[in-house]
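All remarks here apply to the structure that follows.
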Amino acid sequence: MSKGIDVSVWQGSIDFNKVKASGIDFVIIRAGYGSLISQKDKCFEQNYARAKAAGLHVGAYWYSYAESEAQAMQEAKICKKVLSGKQFDYPVYFDLEERAQLSKGRAFCDSLVTAFCKEMEAGGYFAGFYTSASVAKNILSPSIRSRFAFWCAQWASKNSFEGASGLWQYSSNGTVPGISGRVDMDISYINYPSIIKNGGFNGYVKGTENKPAPASSAPRDEVVSQARAWLGKKEADGSHKEIIDVYNSHKPLARGYAVTYSDAWCAAFVSAVAIKCGVTDVLPTECSCGQMIALFRKLGEWVENDAYIPSPGDVIFYDWQDSGSGDNTGWPDHVGIVEKVSGDTITVIEGNKNSAVSRRTLQVNGKYIRGYGVPKYSGSASPAPAVSAKSVDKLAREVLEGKWGNGNDRKKRLTAAGYDYGAVQTRVNELSRQQSKSVEELAKEVLTGKWGNGDDRKNCLTAAGYDYYAVQAKVNALLKKQEATPVYYIVKSGDTLSGIATRYGTTVSAIQRLNPTLIKNVNLILTGWKIRVK
């Protein structure tokens, strides 16, 4: 048996470290009540975060006012939104105790419990219900008690349902260090943490019990859990708007741009996950895949090597023009979050995959991989010898000066010195190609976003040995020409918007902005359309 408590806003600010030190093992937290998101418990987020940080096992409950089966189902849907992205070691309980509900009898109350619990189960939660011993005995059916986890409230020296209930609330008058005033006291007869973790419920990956995660795993787990919680969000029913709203709520917006509901939103999805999980310091926010890579480089979190074996929570970038031969360094087209790696198979959760949040599987070192953003989550060491962007650049220039030898000798010397040979060699190749580019080629690359903006553009071009002012003058001339002479294209069978953008040295977003009434979905263009590309 384990000792626990249940709390809500009425307990105020709680010191869960003191609660844990007093011998309490778990806490059931009120998530909210009723059928509106605004009825979320005002202390829920605080209580959850503090209880988890103190090492307590956590469950949740939702107080019901449902007047019908449909309303109970709606309460469950709101409850899932409140719990989204979190992990719970104890069941999620439906709190049934309103007199107006109980007065309607057995069939009605059975239907409320069933509707709420089945809706929670459909979302991957381990569901149960809370009520008094008298209600359990006189109103609810025995089949309900046996079907769902039962939390029995009976303020007495004995639980009448000790053999049938998993939890017993034995007092409403308890005192616990860390809490001012009275608190409900509970006993658990069942090892719910083991059942829930092994079963893969409540945000956990199946079979994680007895497999201790490394100290740095918590933020990674939260990122993966949040990505998983948004699976199924899609443009077709507008549910993806929640993700866009989260992205736009974070200030300052990347480059000052607010993403619209019709924009490509794969990078916004990854960014929204980072915002929800509070890891934007290591997982930078952007709505452009290419600009996000630039930010990862600045943080020293970029891995160029396609053969890198990622960890859950890493960010994978794709380039659909990658032939699979060599290490592609083209402009990225898409991005997602690594969910898991099994052998050589990577499972990724992506936003805007066929206009929805869904999974993709691919092989390590497979075709289309552009590279990886590897966030330095709290307490974690770099998972690969990924050198910072500045160090890679410096080393590449030294290679070009002949300081690291050639061929296998260069590889051995760089590896022995603790550097990522693949990343350095890729930068060497980039610099070699850059040095042969004309001013017009560079200006066109600037227009596609490859050299950044403002001082960043100036510094990057200068560091690569180019005349920034000559390139910028050409950029201005090209822009003036584009404004004066519109360029149109007739969509052909097999065309993609990204392919057309590449062909004309522009971007998908730029083309969409030029055709706002025609292109609503960047993944849907029809043969025969006449679209403006410049």
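No experiment lies behind these values; they were computed from the predicted model shown. Positions are given from 1 along the sequence.
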*For Ser358 and Glu350, does a side-chain donor sit closer than 3.5 Å to a side-chain acceptor?*
no
*Assess whether atom NZ of Lys353 is packed by more than 12 heavy atoms of other residues, nucleotides or ligands within 6.0 Å.*
yes
*asked:* Working to the nearest 0.5 angstrom, can you tell me the gap between Thr502 OG1 and Asp319 CG?
replied: 8.0 Å
*Which value, rounded to the nearest 0.5 Å, describes the distance between Tyr90 atom OH and Ile29 atom CD1?*
13.0 Å
*asked:* Between Asn354 and Ala356 (side chain of the first, backbone of the second, donor and acceptor by atom type, cut-off under 3.5 Å), is there such a pair?
replied: no
*Please check if atom NZ in Lys530 has more than 12 non-hydrogen atoms from other residues, nucleotides or ligands closer than 6.0 Å.*
no
*Using a 4.5 Å cut-off on heavy atoms from C-beta on, say whether the side chain of Leu299 contacts that of Val282.*
no
*Using a strict 4.0 Å threshold on nitrogen-to-oxygen distance, state whether Asp89 and Lys52 make a salt bridge.*
yes
*Check the pair Arg503 / Tyr489 against side-chain contact (heavy atoms from CB on, under 4.5 Å), numbers first and verdict last.*
CA-CA 11 Å; Arg503 186 181 310 167; Tyr489 176 79; 2.9 Å; yes
_Any donor-acceptor pair under 3.5 Å linking the side-chain atoms of Glu242 with those of Trp230?_
yes
_OG on Ser288 to CD1 on Ile293, rounded to 0.5 Å_ = 8.5 Å
_Please give me the minimum heavy-atom distance between Asp314 and Arg220, naming the atom from each residue._
OD1-NH1, 3.0 Å
*Give a yes or no on whether the backbone of Ala274 and the side-chain of Gln226 come within a donor-acceptor separation of less than 3.5 Å.*
no
*Write out all pairs satisfying salt bridge (Lys or Arg N to Asp or Glu O under 4.0 Å) with one or both partners inside residues 268-278, taking only residues at least two apart or from two chains.*
none
*Report the C-alpha separation of Asn352 and Glu235 in whole Å, then their side-chain angles, then the decisive distance to 0.1 Å, and conclude whether the side-chain contact (heavy atoms from CB on, under 4.5 Å) test is met.*
CA-CA 8 Å; Asn352 203 29; Glu235 291 183 17; 3.4 Å; yes
*Between Asn476 (side chain) and Ala473 (backbone), is there a donor-acceptor pair under 3.5 Å?*
no
*How far does NZ of Lys444 sit from OH of Tyr504, to the nearest 0.5 angstrom?*
12.0 Å
*With the side chain counted from C-beta on, respond yes when Leu283 and Val273 share a heavy-atom pair under 4.5 Å apart, and no when they do not.*
no
_Heavy-atom pair of closest approach, residues Gly203 and Ser225_ = O-OG, 3.4 Å
_Looking at Asn248, is its backbone amide N or carbonyl O close enough to the side chain of Lys251 to form a donor-acceptor pair, meaning the two atoms are under 3.5 Å apart?_
yes
*Judged by atom type as modelled, is there a donor-acceptor pair below 3.5 Å linking the side chain of His240 to the main-chain atoms of Tyr261?*
yes
_Are the side chains of Val357 and Trp265 in contact, using a 4.5 Å heavy-atom criterion?_
yes
_Can you tell me how far apart CG (Leu83) and NZ (Lys40) are? Round to the nearest 0.5 Å._
9.5 Å
*Give the minimum heavy-atom separation between Phe269 and Ile243, together with the two atoms involved.*
CA-CG2, 3.8 Å
*Assess the pair Tyr48 and Phe88: is the distance between their ring centroids shorter than 6.0 Å?*
yes
*Go through Ser355 and Lys234 one step at a time and tell me if the side-chain contact (heavy atoms from CB on, under 4.5 Å) criterion holds.*
CA-CA 6 Å; Ser355 304; Lys234 54 189 174 183; 6.0 Å; no
*Parallel, tilted or perpendicular for Trp320 and Tyr318, by the 30°/60° rule?*
parallel
*Can we say Glu304 and Arg370 salt-bridge, meaning some charged N sits less than 4.0 Å from an Asp/Glu carboxylate O?*
yes
*Kindly say whether Cys287 contributes a backbone atom to a donor-acceptor pair with the side chain of Tyr247 at under 3.5 angstrom?*
yes
*If you take all heavy atoms of Lys520 and Pro516, which pair is closest and at what distance?*
NZ-O, 3.4 Å
*Within the side chain of Gln291, is there an N or O that forms a donor-acceptor pair under 3.5 Å with the backbone of Ala254?*
no
*Just by distance, do the side chain of Ser84 and the backbone of Lys80 share a donor-acceptor pair under 3.5 Å?*
no
*Is there a side-chain contact between Val522 and Asp263 (heavy atoms, below 4.5 Å)?*
no
*asked:* Is any side-chain heavy atom of Val82 closer than 4.5 Å to one of Phe44?
replied: yes
_Side chain proximity check, Cys79 to Glu119, heavy atoms < 4.5 angstrom_ = no
*Approximate separation, where rounding is to 0.5 Å, of Lys340 NZ and Arg228 CZ*: 8.0 Å
*Can we call the ring centroids of Trp302 and Phe317 under 6.0 Å apart?*
yes
*Looking only at non-hydrogen atoms, find the nearest pair between Thr506 and Val533 and report the distance.*
CG2-O, 3.8 Å
*asked:* Does this structure show an ion pair linking Glu441 with Lys474, if we count only N-O contacts that are shorter than 4.0 Å?
replied: no
*For Tyr377 and Gly313, indicate whether the former's side chain and the latter's backbone hold a donor-acceptor pair under 3.5 Å.*
yes
*If you take all heavy atoms of Ile500 and Ile511, which pair is closest and at what distance?*
CG2-CD1, 4.2 Å
*Could you give me the CA-CA distance, side-chain angles and deciding distance for Asp333 and Gln321, then say whether side-chain contact (heavy atoms from CB on, under 4.5 Å) is met?*
CA-CA 9 Å; Asp333 297 305; Gln321 284 70 52; 3.1 Å; yes
*asked:* With a 6.0 Å cut-off (strictly less than), is the heavy-atom count around CD1 of Ile309, excluding the residue itself, greater than 12?
replied: no
_Tyr469 atom OH, neighbour heavy-atom count above 12 within 6.0 Å_ = no
*Using modelled atom types only, decide if a donor and an acceptor are shared between the side chain of Asp41 and the backbone of Cys43 within a distance under 3.5 Å.*
yes
